[in-house]
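Heads up: the structure comes next, in structure tokens.
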Amino acid sequence: MAIEENEFISNRLEKLAGIREMGIAPYPAHTPDRLPVENLRSIGETEEVLCTSGRIMAKRKHGKTVFCDITDQTGRIQLFINKKNLDEVGWELLGKLDLGDVILVSGTLFITRTGELSVRVETLLLLAKAVRPMPVVKTDADGEMHDSVSAPDFIYRHRCIDLMLNLDSKNRFIARSRIISAVRGYLDSENFLEVETPVLQQIYGGAAADPFVSHYNSMDEECYLRIATELYLKRLVAGGIHRVYEIGKDFRNEGVDRTHSPEFTQLELYEAWTDYNGMMTRFEDIVQAAAKAAGVGPVAKFGGHEIDLAPPFKRVPFIPALHEKSGEYLFDWDAERLSGLATRLGLGNDIRDKPALLDKLFDHYVTPSLIQPSFVVDYPVELSPLAKQKADNPRITERFEAFIAGLELANAFSEQNDPIYQREVLEKQAAQSKHRSGVVDEEFLYALEVGMPPSGGLGIGIDRLVMVLTDAMSIRDTILFPHLRREQ
RNA sequence: GGGCCGCUAGCUCAGUUGGCAGAGCAUCUGACUUUUAAUCAGAGGGUCGGGGGUUCAAUCCCCCCGCGGCUCACCA
């Protein structure tokens, strides 16, 4: 299929043909040594002939002088191209260059009358001709952007354009990469071992979510994309890898919104000889490391809030907080009464069981107030099938969820390691839940039966962490290629 | 899946109480040897998301569909 034609593309294709007719290869195989644009800036004025390359972002023609701005990953620099400094071929080539073309230039560096460091171009080489035009962004004297690309679907579908033109977006993805790197660095320095567990699973578990279903032809069996790594990582703890983590994609076949993506990146770590208190410290440490990597100070700005990231984070007990915010002792209400309240609040009327109702009501009453980093602790046991109960109160578990800016960022608990209790819970759950077809993960239970040391486990939504640290209002802005419906 | 909003030139967006489709930037032609949102003169560029309906006439009103955003539901 030929590329879609329009005035702009055919225009450029003609120039491309013209360049070929000149005997110039428009996509040469390799380039001579070049300096990053940033290096030229730090060198400043010089009579030495230097070489750099980049994409043409602006072109200002003045007869026999042409000014171009080119950019590479390190920055922008102006080219001063004068007919008298260039050979005839170079000058003819210049006439066939457009915004977006990738070029290589060499020349000396000088400062123009208006005070801008510029390359006095002596040789000009084309490295890649752009046949598709890209939007032009201009910044006026007040620093205001004109014609920036803002349509969300355009940005998500053509991320290459977004990265070229929207500095905020580019910086966000750089920050994301550095955050993940810093998290790894922290965990590695604490002697955690990074592992990889199956993405393609015959039994999925570790969370309550609908999976993506696939089919393995040669085995002729149904399989699933993982929804969590939990049940595999705990087998490793039982096996003696006492500090272990995985950073990877989980897949949940559920609705998409500002804070949910069908494939998202999760860190799960498990650590023996500690409990959920240890996980709070780990979470605080990881947030510190990530914030530092993202260049965020002790106070992060997010959606107009100022968020103080300095530890220790606030502890908010689940049940007392719910009682305080709702003004009612909801934990003592029965399911019917809770359901009535939920319905009146417009929270949906199809929820029947009490724990789910409490969770829903907590979301309504308490979560929006959790702007500053907070650990919601001591969840009702029914909401936490894989967590250990408190020694002095079996109705609640040693579990926390971490919230920042009203976003749930992490979930952690003292891991349940009683194989008899765990089997009961999982079998009951498998029988009731729409998410399981009556199947429990026997290999996971086998590991608990062999014996797993007391451990803490922590899962962190990396995309949401990036949201908080880069002031992104949608999870899609933190994912390079978010899932979109197919274009018709 | 429900509700609301949006879709107009390559990009950002006006607009029409239903009557020849608009601007800035970008593109093309010309002028210009230190400009920087360069400037000046001229030109081209549209299935007004798609389909159907109402009407003398639809980009505009109605219906269906597509895509997107927000929101609700779902979601440990």
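Note that this is a predicted model, so its numbers are computed, not measured. In what follows, chains are A, B, ... by sequence order, proteins preceding strands, each numbered from 1. Quick note: numbers below take in every heavy atom, side chains included, and nothing from hydrogens, waters or symmetry partners.
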Item checked: Between Ser106(A) and Thr123(A): side-chain donor-acceptor atoms closer than 3.5 Å -> yes
Check: For atom C1', what is the distance between C40(B) and C5(B), given to the nearest Å?
Finding: 43 Å
Notebook entry, point to check: Do Lys388(A) and Tyr421(A) meet the cation-pi criteria used here (NZ or CZ under 6.0 Å from the six-membered ring centre, within 45° of the axis)?
Noted result: no
Next item on the list: Starting at atom NE2 of His260(A), determine the distance to atom P of C74(B), rounded to an integer number of angstrom.
Entry: 11 Å
Margin query: Looking at Arg12(A), I'd like to know whether one of its side-chain N or O atoms comes within less than 4.0 Å of OP1 or OP2 on G10(B).
Written below: no
Next item on the list: State whether Lys64(A) places a side-chain N or O below 4.0 Å from either non-bridging phosphate oxygen (OP1 or OP2) of U34(B).
Entry: no
Notebook entry, point to check: Under the 3.5 angstrom rule, does the side chain of Glu45(A) hit a backbone N or O of Leu117(A) as a donor-acceptor pair?
Noted result: no
Item checked: Inter-nucleotide C1' distance (C48(B), C13(B)), Å rounded -> 13 Å
Check: Does A38(B) have OP1 or OP2 sitting under 4.0 Å from an N or O in the side chain of Lys138(A)?
Finding: yes
Item checked: Side chain Thr112(A) and base U35(B) donor-acceptor under 3.5 Å -> yes
Margin query: With rounding to the closest Å, how many angstrom separate the C1' atoms on A76(B) and C4(B)?
Written below: 30 Å
Item checked: Between U12(B) (P) and Leu165(A) (CG): distance, integer Å -> 10 Å
Checklist line | Between P of A37(B) and CD of Gln78(A), the distance in whole Å | finding: 11 Å
Next item on the list: Would you mind reading off the distance between Phe264(A) atom CZ and A76(B) atom C1', rounded to a whole angstrom?
Entry: 11 Å
Checklist line | Near-ring test Phe375(A)/Phe403(A), centroid separation under 6.0 angstrom | finding: no
Note to self: Distance check needed: C72(B) P versus Asp257(A) CG, whole Å only.
What the structure shows: 8 Å
Check: With a 4.0 Å cut-off on heavy atoms, is Arg252(A) in touch with a base, just the backbone sugar-phosphate, or nothing at all?
Finding: nothing
Check: Below 4.0 angstrom from OP1 or OP2 of G68(B), is there any side-chain N or O of Arg485(A)?
Finding: yes
Next item on the list: For Arg120(A), report the nucleic acid contact type (base, sugar-phosphate, nothing); a contact means any heavy atom under 4.0 Å.
Entry: base
Notebook entry, point to check: Is Arg113(A) side chain donor-acceptor paired with the U34(B) base, going by distance under 3.5 Å alone?
Noted result: no
Notebook entry, point to check: In whole angstroms, how far is the C1' atom of U29(B) from the NZ atom of Lys15(A)?
Noted result: 12 Å
Checklist line | Inter-nucleotide C1' distance (G15(B), U59(B)), Å rounded | finding: 10 Å
Notebook entry, point to check: Under 4.0 angstrom, heavy atoms only, what part of the nucleic acid is Pro385(A) near: base, sugar-phosphate, or nothing?
Noted result: base
Checklist line | Heavy-atom neighbours of Lys301(A) NZ exceed 12 at 6.0 Å | finding: no
Notebook entry, point to check: Centroid-to-centroid, Phe318(A) to Phe362(A), below 6.0 Å?
Noted result: yes
Margin query: When the P atoms of C25(B) and U17(B) are compared, how many Å lie between them, rounded to an integer?
Written below: 28 Å
Note to self: So, OP1 or OP2 of U35(B): does either fall under 4.0 Å of a side-chain N or O from Arg60(A)?
What the structure shows: no
Next item on the list: Quote, to the nearest angstrom, the C1' distance that separates G51(B) from C67(B).
Entry: 15 Å
Next item on the list: For C64(B) versus A23(B), give the span between their P atoms, rounded off to a whole number of Å.
Entry: 36 Å
Next item on the list: Give Phe110(A) one of three labels, base, sugar-phosphate or nothing, depending on what nucleic acid heavy atoms sit under 4.0 Å from its own.
Entry: base
Notebook entry, point to check: What is the distance, rounded to the nearest whole Å, between atom CZ of Phe154(A) and atom C1' of C7(B)?
Noted result: 14 Å
Checklist line | Side-chain donor/acceptor contact of Glu7(A) with base of G10(B) under 3.5 Å | finding: no
Checklist line | Counter-base of U34(B), judged by Watson-Crick or G-U geometry with both distances under 3.5 Å | finding: none
Check: Checking all strands, does Lys61(A) fall into the base, sugar-phosphate, or nothing category for heavy-atom contacts under 4.0 angstrom?
Finding: base
Note to self: Students often get this wrong, so: under 4.0 angstrom with heavy atoms, is Ala151(A) touching a base, only sugar-phosphate, or nothing?
What the structure shows: sugar-phosphate
Next item on the list: Starting from P on C67(B), measure out to OH on Tyr156(A) and report it in whole angstrom.
Entry: 17 Å
Check: Say you pick atom P in G49(B) and the same atom in G6(B); how far apart are they, in whole Å?
Finding: 12 Å
Note to self: Quick check on the 6.0 Å ring-centre criterion: do Phe67(A) and Phe80(A) meet it?
What the structure shows: yes
